[in-house]
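Presented below is the structure to which this report refers.
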Amino acid sequence: MRLLAHQGGWDEFLLPVLIVALVLLVPALRHRRRAVNDGAAEENPRAAREPGTCPYCGASVPLAEERCPACGFRVRR
Amino acid sequence: MFVFGAGTALVISFVALASLWREPRFEGRPERRGRASALQRVLTNRMLEWTVRILSLGFFAVVMIASFLPLSPTETIGPVVVFVWFWVGLAFAHAFVGNLWATLSPFDTLGRLLGFDESEREPTRPYPKAWGTWPAAILLFGFVWLELVDPFAGRPGTLGFAIAGYTLITLGGMAVYGRRAWARHGEAFAVYLGLFARMAPLSRDPDGLVVWRPPLAGLAGLEPKPGLLALILVALGSTTFDGFGRSSLWGDWTGALTGLPETIAETAGLLGTILVVSGLYALAMSVAGRITGEGWHVPAVRFAHSLVPIAFAYVVAHYLSFLLIEGQLGIAALSDPFARGWNLFGTADHLVNLALLSATTIWYAQVVAIVVGHVSGVILAHDRAIAAYPQDVALRTQYALLAVMVVFTATGLLILSG
């Protein structure tokens with residue numbers, strides 16, 4: 001109760017930090033348990049993306065192009 | 001207590017989104033078409049549009065001439081219209097009503113009148129895609145530098161030269177690259193206000209008819225462009241510096257400086273604040289990028305739109321009282337724009353009502369703006385994440401961004417309170 005009654009101190013951050021930590025930790029643990037149980041490799045969205053598509057806008061980028069012709073971002077060096 | 005409450009509100013909304021918002025609602029949303037009606041005919045009337053354009057252009061000419069006069073900022077109409085009505089007032093209007101600048105912009109009207117429209121003549125050069133909105137980001141930085149650092153405070157009339165210079169750059173850009181291309185990439189205020197307009201519940205369909213849409217939904221349709229993230233971070237960082245620059249801490253550091261050292265310190269402060277805000281965002285995105293295997297830049301661009309409501313929230317929080325109190329100076333100045341003793345509309349003796357907003361009302365409005373802005377950012381980022389990634393990956397990309405948003409919220413409120 002003393003913690004909640006206090007105003008203006010650094011301890012005001014404790015509860016949000018605790019909640020953020022829980023939100024971070026619980027799905028990570030669940031994910032690891034599921035991966036171990038299923039023996040499945042972790043999903044990698046990058047691998048799922050079609051080669052030759054712009055990661056920024058999804059347009060098709062010809063192999064010779066350094067920049068995406070649709071959005072202008074550099075996609076190859 | 002407010003910091004604690006705001007941070008908690010953000011975390012709770014994140015948890016609620018994770019469990020209740022499982023399908024994208026903004027991403028890939030089909031574009032609505034307007035229905036013809038009497039009201040639509042008025043809103044799309046060309047004669048009415050051009051009347052508004054010409055009036056706006058005339059008002060712009062008055063403001064520019066007044067801004068050349070070597071008088072104090074409160075004596076002529078120039079500074080109050082540029083820094084309060086235009087910079088703050090139009091940001092509010094765009095976020096709630098939609099893209100008014102498309103019609104009000106004197107630069108757009110001049111570009112049309114001078115024949116720089118792509119439909120009338122081919123641009124001299126195609127606009128380089130790689131530039132994206134970098135010209136707009138650089139010009140926006142120039143404007144906020146002029147506003148916040150105020151390097152020419154001792155030389156009234158400089159604002160007129162700044163407006164004239166910006167007009168020449170804009171018309172030059174339109175002449176070379178075409179009116180539409182420059183408005184989309186190089187006209188700083190068109191790009192900046194256009195971002196806020198995407199938050200509005202009103203939009204236009206491809207035929208120009210006015211349509212309703214859910215608030216914030218327009219931001220999901222924001223196309224990725226080089227320099228757009230930089231422009232958003234300039235907007236976000238500059239407003240943060242405006243608050244920080246008024247804090248006692250900044251006063252202790254730079255209070256004794258005058259002249260060039262003061263200008264250098266404030267320029268460094270402005271740049272430093274933009275860099276700190278950018279660094280925090282980049283840090284969150286590098287964590288997200290490690291999860292998705294994309295590096296930091298792709299997610300940074302992908303989630304850039306989620307920063308727009310936060311940038312608007314900072315405008316509301318920092319400038320609401322500025323708009324409603326200092327903005328009243330413009331009512332008197334309207335009747336006497338050049339400080340010649342005129343009383344054109346009978347408002348020259350209008351006195352500023354300082355009691356329009358109490359300190360308590362302002363503080364609550366600031367807290368609500370900061371919390372709603374950040375929760376909106378969390379919603380937009382979540383909606384995009386679940387559209388772009390598998391669900392468990394999507395959630396994990398958002399943790400670091402949530403942490404940064406909690407930090408932004410806490411810092412924003414601490415700056416406002418101190």
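In what follows, chains are A, B, ... by sequence order, proteins preceding strands, each numbered from 1. Just so you know, these numbers come straight off a predicted model, no measurement behind them. In what follows, every heavy atom counts, from backbone to side chain, and hydrogens, waters and symmetry copies are set aside.
By the salt bridge (Lys or Arg N to Asp or Glu O under 4.0 Å) test, B:Arg179 pairs with B:Asp108, B:Asp117, sequence neighbours left out. Under the rule for a ring-ring contact (aromatic ring centres under 6.0 Å, His included), the partners of B:His185 that lie at least two apart in sequence or sit in another chain are B:Tyr127. Judged as a ring-ring contact (aromatic ring centres under 6.0 Å, His included), and not counting sequence neighbours, the contacts of B:Tyr314 are B:His374.
By the 6.0 Å contact criterion, CZ on A:Arg76 is enclosed, its count of non-hydrogen atoms from other residues, nucleotides or ligands being greater than 12. Within a 6.0 Å radius of CZ in B:Arg290, no more than 12 heavy atoms belonging to other residues, nucleotides or ligands are found. Atom CD of B:Glu118 has more than 12 heavy atoms from other residues, nucleotides or ligands within 6.0 Å.
Using a 4.5 Å cut-off between non-hydrogen atoms, the part of residues 56-65 of chain A that approaches chain B consists of A:Tyr56, A:Cys57.
A donor-acceptor distance shorter than 3.5 angstrom exists from the side chain of B:Arg302 to the backbone of A:Pro55, with no hydrogens or angles considered.
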